Amino acid sequence: MAGEAPAPTPLHSQATVRDPNDPKKTQHLLSLDGAQERLHLFKADLLEEGSFDSVVDGCDGVFHTASPVALEAINPQTELIDLALKGTINVLRSCSKVPSVKRVVVTSSLASVLFTGEPLTPEVLIDESWFSDPVLCKESKQWYVLSKTLAEEAAWNFSKENGIDMVTINPGWVIGPLLQPTLNLSAEQVLNLINGAQTFPNISSWWVDVRDVANAHIQAYEIPEASGRYCLVEGIYTILRY
């Protein structure tokens with residue numbers, strides 16, 4: 001009818017995988033509602049400079065969520081640190097070339113917040129001003145923590161130097177419904193307890209639901225006033241063997 005407003009153009013999403021032809025890595029994404037019409041998968045490599053140029057081209061917002069998670073590593077530099085640090089900078093460098101990108105949301109971690117050497121007693125208030133100490137991480141061989149700390153530090157430096165509007169999301173252990181057919185590390189830790197693991201550390205851990213993490217990313221992008229870092233924790237749970 002004359003005078004009717006045109007239908008809004010559906011939003012399109014562009015995402016990256018290392019191998020678009022591997023159904024184990026892509027089928028759960030392509031099966032999402034509307035994915036066939038709106039989701040476009042690109043091949044990209046975190047360590048390849050310029051690999052994300054074509055992906056972010058024309059995008060309004062970019063979410064950098066990929067980083068390897070492992071509690072142990074034979075070669076921490078290549079298995080964790082390079083992928084997290086160089087990968088983050090490669091994504092941001094691609095974003096810096098594209099005028100259409102209004103904001104970048106980076107998934108960091110509570111790991112880059114907590115390891116300061118400060119005793120985490122009940123009266124201590126942890127907030128977004130905390131940054132883990134890389135020296136302490138190296139001394140204690142907390143390689144994953146080091147990788148996330150160095151990557152976030154480099155991201156803030158790069159974004160400020162290149163005028164990128166960046167927000168980071170810093171969740172604790174993420175748990176919740178899985179899209180993919182394989183277990184991630186967080187779910188595996190819980191499954192081990194359910195299955196009667198014989199050994200596990202007596203520790204307290206910070207946990208948050210994956211759906212809350214996803215919503216936080218969306219709000220970090222959509223709300224203009226969002227800025228800085230956002231620590232996400234739903235609850236603190238202690239594992240003890242009696």
Side-chain angles (χ1 to χ4, degrees), residues 8-18 38-69 80-116 126-135 137 144-171 212-232:
T9 302
L11 294 176
H12 288 267
S13 298
Q14 300 183 169
T16 65
V17 290
R18 282 171 289 185
R38 303 197 302 272
L39 177 62
H40 303 278
L41 297 180
F42 290 73
K43 177 180 175 63
D45 187 329
L46 284 171
L47 295 180
E48 182 182 338
E49 186 173 341
S51 184
F52 294 86
D53 287 1
S54 60
V55 186
V56 304
D57 188 25
C59 290
D60 295 323
V62 174
F63 299 84
H64 175 46
T65 64
S67 187
V69 181
L80 292 170
I81 298 171
D82 284 349
L83 287 167
L85 177 56
K86 295 181 181 179
T88 298
I89 295 304
N90 280 338
V91 172
L92 290 175
R93 184 172 287 113
S94 293
C95 293
S96 69
K97 303 174 185 177
V98 180
S100 65
V101 174
K102 297 181 176 66
R103 175 169 288 174
V104 180
V105 180
V106 173
T107 310
S108 186
S109 171
L110 209 59
S112 66
V113 176
L114 293 173
F115 289 82
T116 63
I126 302 167
D127 63 24
E128 71 280 0
S129 67
W130 284 38
F131 277 89
S132 295
D133 181 354
V135 175
C137 295
Y144 170 70
V145 177
L146 179 62
S147 72
K148 297 300 292 187
T149 301
L150 294 178
E152 189 183 341
E153 180 182 40
W156 281 116
N157 290 335
F158 187 93
S159 64
K160 291 172 183 176
E161 292 169 0
N162 292 272
I164 296 174
D165 181 1
M166 187 183 82
V167 178
T168 67
I169 302 297
N170 297 66
D212 292 329
V213 177
N215 189 47
H217 281 72
I218 295 170
Q219 293 190 64
Y221 168 65
E222 291 185 343
I223 299 175
E225 296 79 14
S227 64
R229 312 164 85 207
Y230 291 90
C231 300
L232 303 186

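Keep in mind it's a predicted model, so treat the numbers as computed, not measured.
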Nearest-0.5 Å distance, [atom1] of residue [X] to [atom2] of residue [Y]:
X: C95; Y: F52; atom1: SG; atom2: CZ; value: 9.5 Å
X: T88; Y: R93; atom1: OG1; atom2: CZ; value: 11.5 Å
X: T107; Y: L232; atom1: OG1; atom2: CG; value: 9.5 Å
X: H64; Y: H217; atom1: NE2; atom2: NE2; value: 10.0 Å
X: L85; Y: I81; atom1: CG; atom2: CD1; value: 8.5 Å
X: K102; Y: D60; atom1: NZ; atom2: CG; value: 4.0 Å

Q: With S94 as reference, evaluate I89, V62, D53 under the side chain to side chain contact (heavy atoms under 4.5 Å, CB included) test and give the passing residue.
A: D53
Would you name the heavy atoms of [X] and [Y] that are closest together and state the gap between them?
X: A226; Y: V167; result: O-CG2, 3.9 Å
X: A111; Y: T149; result: O-OG1, 3.9 Å
X: L92; Y: I164; result: O-CD1, 3.6 Å
X: I169; Y: A216; result: CD1-O, 3.9 Å
X: P134; Y: S132; result: CD-O, 3.3 Å
X: T168; Y: S108; result: CB-CB, 4.3 Å

Q: Determine, stepwise, if the pair F115 / K148 fulfils side chain to side chain contact (heavy atoms under 4.5 Å, CB included).
A: CA-CA 11 Å; F115 289 82; K148 297 300 292 187; over 6 Å; no
Q.
Does either side chain, that of T116 or that of D133, offer a donor lying less than 3.5 Å from an acceptor on the other one?
A. no
Q | Pair S112-N170, side-chain donor/acceptor within less than 3.5 Å | A | yes
For [Y], is there any backbone N or O sitting under 3.5 Å from a side-chain donor or acceptor partner on [X]?
X: R229; Y: W130; value: yes
X: R103; Y: E222; value: no
X: R18; Y: L46; value: no

Q | Plane angle bin for F63 and Y221 - parallel if under 30°, tilted between 30 and 60°, otherwise perpendicular | A | perpendicular
**Q.** Working for side chain to side chain contact (heavy atoms under 4.5 Å, CB included), residues Y144 and S109
**A.** CA-CA 10 Å; Y144 170 70; S109 171; 3.9 Å; yes
Q: Flag the pair C231 / I126 as yes when at least one side-chain heavy-atom distance between them is below 4.5 Å, and no otherwise.
A: no
Q: Quick one: do F131 and E152 satisfy side chain to side chain contact (heavy atoms under 4.5 Å, CB included)? Show the steps, please.
A: CA-CA 9 Å; F131 277 89; E152 189 183 341; 3.9 Å; yes
